[in-house]
Amino acid sequence: MANLTLQNVKKSFGAVEVIPGVDLEIMDGEFVVFVGPSGCGKSTLLRLIAGLEDVSDGDIRIDNASVVDVPAADRGVAMVFQSYALYPHMTVRENLSFGLENIRMDKAEINRRVSDAARLLQIEQLLERRPKQLSGGQRQRVAIGRAITRDPKIFLFDEPLSNLDAELRVLMRVEITKLHERLGNTMIYVTHDQIEAMTMADKIVVLRKGIIEQVGAPLELYNHPRNLFVAGFIGSPRMNFVEGKASAASAGQVVFEAPGLPPLTLPGALAQPLASAPATLGIRPEDFVVSRDADSGWPVTVGVAEQYGANSYLHCTLAGEVPILVHEAGQSLAKRGDVLYLAPRESHWHLFDADGAAIERQA
């Protein structure tokens with residue numbers, strides 16, 4: 001197990017700057033997820049930590065010792081790839097032991113590590129099979145097992161579940177989380193799927209264009225996004241946004257005005273005074289109070305009502321053009337063409353200024 005520190009880490013490919021400068025502290029035993037859209041630099045950052053790419057500038061420290069000049073094989077990290085990267089002509093046992101044989105480890109120790117990894121991942125019955133005889137989930141377990149046999153300080157996962165079907169992804173997500181609880185090693189996991197990030201991480205690192213937008217626990221990012229990007233990226237379905245102007249003219253209330261709509265009074269107080277400034281109002285689909293009373297908020301027209309049994313999602317339009325998604329627990333009675341009236345639940349709304357930064361509310 002180990003802590004990891006990134007100090008002003010930069011990476012350029014020729015004239016293209018991919019990582020402009022990242023500072024990050026990962027504590028011993030944490031499960032940290034790098035999340036962001038495709039091309040945001042998360043996999044590049046992982047490869048820099050692994051030693052598969054050279055840093056252009058800055059420092060990477062494991063247990064307070066710099067590793068920027070240390071070869072990948074000597075950093076004490078093990079990487080699990082999206083493609084599994086198994087040797088097709090070798091059995092599972094041979095795949096698990098190959099790396100250890102290359103460093104001339106004692107055969108008895110190799111056998112112990114392979115047996116321990118197989119037992120931990122429940123693949124003991126697969127040891128004599130070859131990769132083509134395994135399912136996708138079984139191949140991923142073998143890839144993880146190969147990393148475990150190296151007994152690394154830090155595990156690195158590069159979108160390991162993206163080749164699996166939806167049901168198997170859920171199962172493997174749980175298995176990797178349980179594995180972290182059993183081993184206690186530091187783990188860094190890269191994904192573009194924010195559901196994986198929310199359900200697996202101790203700490204999430206949200207990246208955009210090689211820059212860290214926010215770092216924090218899953219619910220911290222969900223409840224207190226620092227800016228519009230984080231607010232829109234974290235949460236499924238995503239947050240609704242309406243552009244307009246906001247003012248905090250009285251204690252305990254904020255008034256939000258949008259073109260073509262009546263003013264909406266938001267219960268809650270801002271940390272700083274605000275006088276009719278451009279702002280974006282953000283409300284999550286589950287945070288609406290839904291009514292058929294015309295005096296209860298903004299009118300929306302239902303376009304599509306999706307029934308999931310235990311939950312319903314209403315795809316609506318506001319002022320004829322702004323899309324609004326509403327989540328209702330249970331089986332909604334709303335149908336296409338119905339007019340509903342929406343207001344946010346008390347204190348369950350977010351405001352962002354003209355630059356996209358969150359406007360702080362009083363605690």
Side-chain angles (χ1 to χ4, degrees), residues 1-13 17-36 40-81 99-100 102-105 109 113 116-117 120 144 146-160 176-177 179-191 197 200-218 220-221 226:
M1 296 187 287
N3 56 49
L4 173 73
T5 304
L6 307 182
Q7 297 176 336
N8 196 30
V9 170
K10 300 180 181 181
K11 178 61 180 178
S12 298
F13 293 100
E17 189 176 51
V18 179
I19 308 290
V22 164
D23 292 286
L24 181 65
E25 183 79 21
I26 295 175
M27 305 307 294
D28 185 11
E30 279 191 312
F31 194 125
V32 176
V33 176
F34 293 169
V35 69
C40 72
K42 53 190 183 295
S43 289
T44 299
L45 198 56
L46 198 72
R47 291 175 66 84
L48 292 173
I49 295 167
L52 302 178
E53 300 284 354
D54 295 327
V55 299
S56 301
D57 197 9
D59 196 12
I60 298 174
R61 305 181 73 84
I62 296 177
D63 280 340
N64 302 316
S66 177
V67 296
V68 290
D69 295 321
V70 175
D74 299 326
R75 292 192 179 190
V77 302
M79 193 158 175
V80 179
F81 296 92
L100 305 182
N102 276 352
I103 61 173
R104 294 178 171 80
M105 183 177 288
E109 178 63 13
R113 291 192 182 194
D116 288 349
L120 186 66
I144 295 170
R146 189 170 55 188
I148 290 173
T149 60
R150 292 186 58 190
D151 193 22
K153 296 178 180 178
I154 300 174
F155 284 89
L156 306 176
F157 294 87
D158 190 8
E159 303 209 42
I176 293 175
T177 303
L179 179 66
H180 176 250
E181 291 174 354
R182 288 196 292 265
L183 295 176
N185 291 58
T186 305
M187 293 187 177
I188 304 173
Y189 187 104
V190 161
T191 182
M200 299 174 75
D202 297 323
K203 183 163 69 181
I204 296 176
V205 179
V206 182
L207 289 154
R208 177 172 59 162
K209 297 180 180 178
I211 295 171
I212 293 178
E213 293 288 343
Q214 191 169 352
V215 178
E220 178 185 344
L221 270 61
R226 183 179 295 170

Side-chain contact, heavy-atom cut-off 4.5 Å: [X] with [Y]?
| X | Y | result |
| --- | --- | --- |
| I154 | I26 | no |
| V77 | I188 | no |
| V205 | V33 | no |

Taking all non-hydrogen atoms of both residues, which atom of [X] and which atom of [Y] are closest, and how far apart?
| X | Y | result |
| --- | --- | --- |
| N8 | G21 | OD1-CA, 3.8 Å |
| K153 | N185 | O-ND2, 3.9 Å |
| I19 | G41 | CD1-O, 3.6 Å |
| I211 | P20 | CG1-CG, 3.8 Å |
| T186 | G29 | OG1-N, 2.9 Å |
| A197 | I204 | O-CD1, 3.6 Å |

Step by step, would you call T5 with E25 a side-chain hydrogen bond (donor to acceptor under 3.5 Å, both in side chains)?
CA-CA 5 Å; T5 304; E25 183 79 21; 2.9 Å; yes
Set of salt bridge (Lys or Arg N to Asp or Glu O under 4.0 Å) partners for [X], sequence neighbours left out:
| X | result |
| --- | --- |
| R75 | none |
| D23 | none |
| R113 | E109 |

So for atom CG, which belongs to N102, do other residues, nucleotides or ligands contribute more than 12 heavy atoms lying within a distance under 6.0 Å?
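Yes - once you tally the heavy atoms of other residues, nucleotides and ligands closer than 6.0 Å, there are more than 12.
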May I have the list of side-chain donor-acceptor pairs in residues 43-55 shorter than 3.5 Å, sequence neighbours left out?
unit_1	atom_1	unit_2	atom_2	d
S43	OG	D158	OD1	2.9

For a side chain to side chain contact (heavy atoms under 4.5 Å, CB included) check, start with the C-alpha distance between L183 and I148, then their side-chain angles and the critical distance, and finish with the verdict.
CA-CA 9 Å; L183 295 176; I148 290 173; 4.3 Å; yes
Who passes side-chain contact (heavy atoms from CB on, under 4.5 Å) against R182, sequence neighbours left out?
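Partners of R182 under the side-chain contact (heavy atoms from CB on, under 4.5 Å) test: L120, K178, L179.
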Listed by chain and number, what are the side-chain contact (heavy atoms from CB on, under 4.5 Å) partners of K209, not counting sequence neighbours?
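Residues passing side-chain contact (heavy atoms from CB on, under 4.5 Å) with K209: none at all.
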Is it true that a side-chain atom of [X] and a backbone atom of [Y] form a donor plus acceptor pair closer than 3.5 Å?
| X | Y | result |
| --- | --- | --- |
| K42 | G36 | yes |
| D63 | N3 | yes |
| D202 | F31 | yes |
| S66 | R61 | no |

Could you grab the distance from atom [atom1] of [X] to atom [atom2] of [Y], nearest 0.5 Å is fine?
| X | Y | atom1 | atom2 | value |
| --- | --- | --- | --- | --- |
| I144 | R146 | CD1 | CZ | 11.0 Å |
| K203 | E220 | NZ | CD | 10.5 Å |
| E17 | K10 | CD | NZ | 6.5 Å |
| Q214 | R208 | CD | CZ | 12.0 Å |
| L24 | Q7 | CG | CD | 11.0 Å |
| F155 | M79 | CZ | CE | 13.5 Å |

Can you list the steps and then say if T191 with F157 is a side chain to side chain contact (heavy atoms under 4.5 Å, CB included)?
CA-CA 9 Å; T191 182; F157 294 87; over 6 Å; no
Check step by step if side chain to side chain contact (heavy atoms under 4.5 Å, CB included) holds for I212 and V206.
CA-CA 6 Å; I212 293 178; V206 182; over 6 Å; no
